[in-house]
Amino acid sequence: MRALVQRVATAAVTIEGGAERRIGPGLLVLLGVRDTDTPALCEKLAQKTAGLRIFPDEEGKLNRSAVELGLSALVVSQFTLYGSTKKGMRPGFTAAAKPPLSVDCYEEYVRRLCACGLKEVKTGTFGAHMQVQLVNDGPVTLLLDTEEWG
């Protein structure tokens, strides 16, 4: 799985022109699931996400986590994180998981993230057309990739 984590001042997702889901300061997580992933990876990825020390302490050092500060997270499914641009100009998405695996992993990740002690966790809708707005704070953006964990 890949989680593109951004420290945000605010973030929102609008799902198919409907109501907006918004958070204040916290984390925007774009989550991609690979076709070889399993829901067993979700707990470690969620804990790593929530515990990332990417918020400044009193000295301005990145030494605080969203959990410590009582902040929120917004999670949006993003199959394009597994897009390949090796050939031609049109990305290929063969490595991205398809339902039901992708849905199972996304939902398990959200469940596990909710259990990490954040103020709140809001989500997009898996498979829906969404518009995401954010104010990246810093900017701070990190890519967590479970394949790098061995």
Side-chain angles (χ1 to χ4, degrees), residues 1-58 60-84 91 93 95-149:
M1 271 182 273
R2 289 181 177 158
L4 186 69
V5 181
Q6 298 181 74
R7 184 179 83 187
V8 296
T10 184
V13 62
T14 304
I15 302 149
E16 296 182 351
E20 180 181 82
R21 298 175 187 170
R22 176 175 292 279
I23 64 166
L27 304 172
L28 170 63
V29 181
L30 303 177
L31 184 72
V33 180
R34 186 178 177 87
D35 58 358
T36 55
D37 288 334
T38 67
L41 296 168
C42 295
E43 183 171 4
K44 184 175 179 181
L45 182 58
Q47 289 175 351
K48 186 96 157 166
T49 303
L52 280 175
R53 294 174 11 183
I54 59 173
F55 294 88
D57 63 14
E58 306 77 34
K61 294 182 181 177
L62 298 183
N63 207 22
R64 299 267 190 244
S65 71
V67 171
E68 275 182 88
L69 298 172
L71 302 177
S72 302
L74 174 61
V75 183
V76 177
S77 61
Q78 186 80 40
F79 78 93
T80 59
L81 287 174
Y82 279 102
S84 172
F93 300 104
K98 293 165 185 52
L101 175 62
S102 54
V103 176
D104 293 346
C105 287
Y106 174 78
E107 290 176 352
E108 182 65 12
Y109 173 81
V110 170
R111 274 193 295 278
R112 297 293 184 157
L113 193 61
C114 287
C116 287
L118 293 159
K119 176 182 173 184
E120 64 181 342
V121 177
K122 294 188 177 180
T123 65
T125 298
F126 189 91
H129 182 266
M130 295 175 277
Q131 294 180 325
V132 179
Q133 300 173 5
L134 70 133
V135 176
N136 192 320
D137 185 21
V140 175
T141 303
L142 294 169
L143 179 63
L144 303 181
D145 191 335
T146 60
E147 288 184 59
E148 294 178 354
W149 301 346

Only distances under 3.5 Å count here; give the side-chain donor-acceptor pairs of residues 113-122 to other protein atoms, sequence neighbours excluded, each with its distance to 0.1 Å.
from: Glu120; atom 1: OE2; to: Ser72; atom 2: OG; distance (Å): 3.3
from: Lys122; atom 1: NZ; to: Arg22; atom 2: O; distance (Å): 2.9

**Item:** Residues that Asp145 engages under salt bridge (Lys or Arg N to Asp or Glu O under 4.0 Å), provided they are two or more places apart
**Value:** Arg2

Per-pair distances, 0.1 Å, donor-acceptor, side chain in residues 38-46, under 3.5 Å, sequence neighbours excluded:
from: Thr38; atom 1: OG1; to: Ala40; atom 2: N; distance (Å): 3.4
from: Glu43; atom 1: OE1; to: Arg112; atom 2: NH1; distance (Å): 3.1
from: Glu43; atom 1: OE2; to: Gln47; atom 2: NE2; distance (Å): 3.3

Please report the closest heavy-atom contact between [X] and [Y], naming both atoms and the distance.
X	Y	result
Val33	Tyr106	CG2-N, 4.4 Å
Ala11	Val8	CB-CG2, 4.0 Å
Leu71	Gly26	CB-CA, 3.9 Å
Ile15	Ala128	CG2-CB, 3.7 Å
Ile23	Leu74	CD1-N, 3.7 Å
Ser102	Ala97	CB-O, 3.5 Å

**Asked** Among pairs that include at least one residue of residues 62-81, which meet salt bridge (charged side-chain N to carboxylate O under 4.0 Å, His left out), considering only residues two or more places apart or in two chains?
**Response** Glu58-Arg64, Arg64-Glu68

Is any side-chain heavy atom of [Y] closer than 4.5 Å to one of [X]?
X	Y	value
Leu142	Leu4	no
Val5	Leu52	yes
Asp35	Lys98	no
Met1	Arg34	no
Ser65	Phe55	no

**Request:** On the 0 to 90° scale, with breaks at 30° and 60°, tag the Phe93-Phe79 ring pair as parallel, tilted or perpendicular.
**Result:** perpendicular

**Message:** Name the residue from Val75, Val76, Val13 that meets the side-chain contact (heavy atoms from CB on, under 4.5 Å) definition with Leu28.
**Reply:** Val76

Between atom [atom1] of [X] and atom [atom2] of [Y], what is the distance when rounded to the nearest 0.5 Å?
X	Y	atom1	atom2	value
Met130	Glu20	CE	CD	14.0 Å
Cys105	Phe126	SG	CZ	9.5 Å
Lys48	Leu144	NZ	CG	7.0 Å
Arg53	Leu69	CZ	CG	12.0 Å
Thr146	Asp37	OG1	CG	4.5 Å
Leu134	Leu27	CG	CG	12.0 Å

**Request:** Please name all residues satisfying side chain to side chain donor-acceptor pair (under 3.5 Å) with Ser84, sequence neighbours left out, ordered by chain then number.
**Result:** none

**Complete:** Sorted by chain and number, sequence neighbours left out, side chain to side chain donor-acceptor pair (under 3.5 Å) with Thr125 holds for none

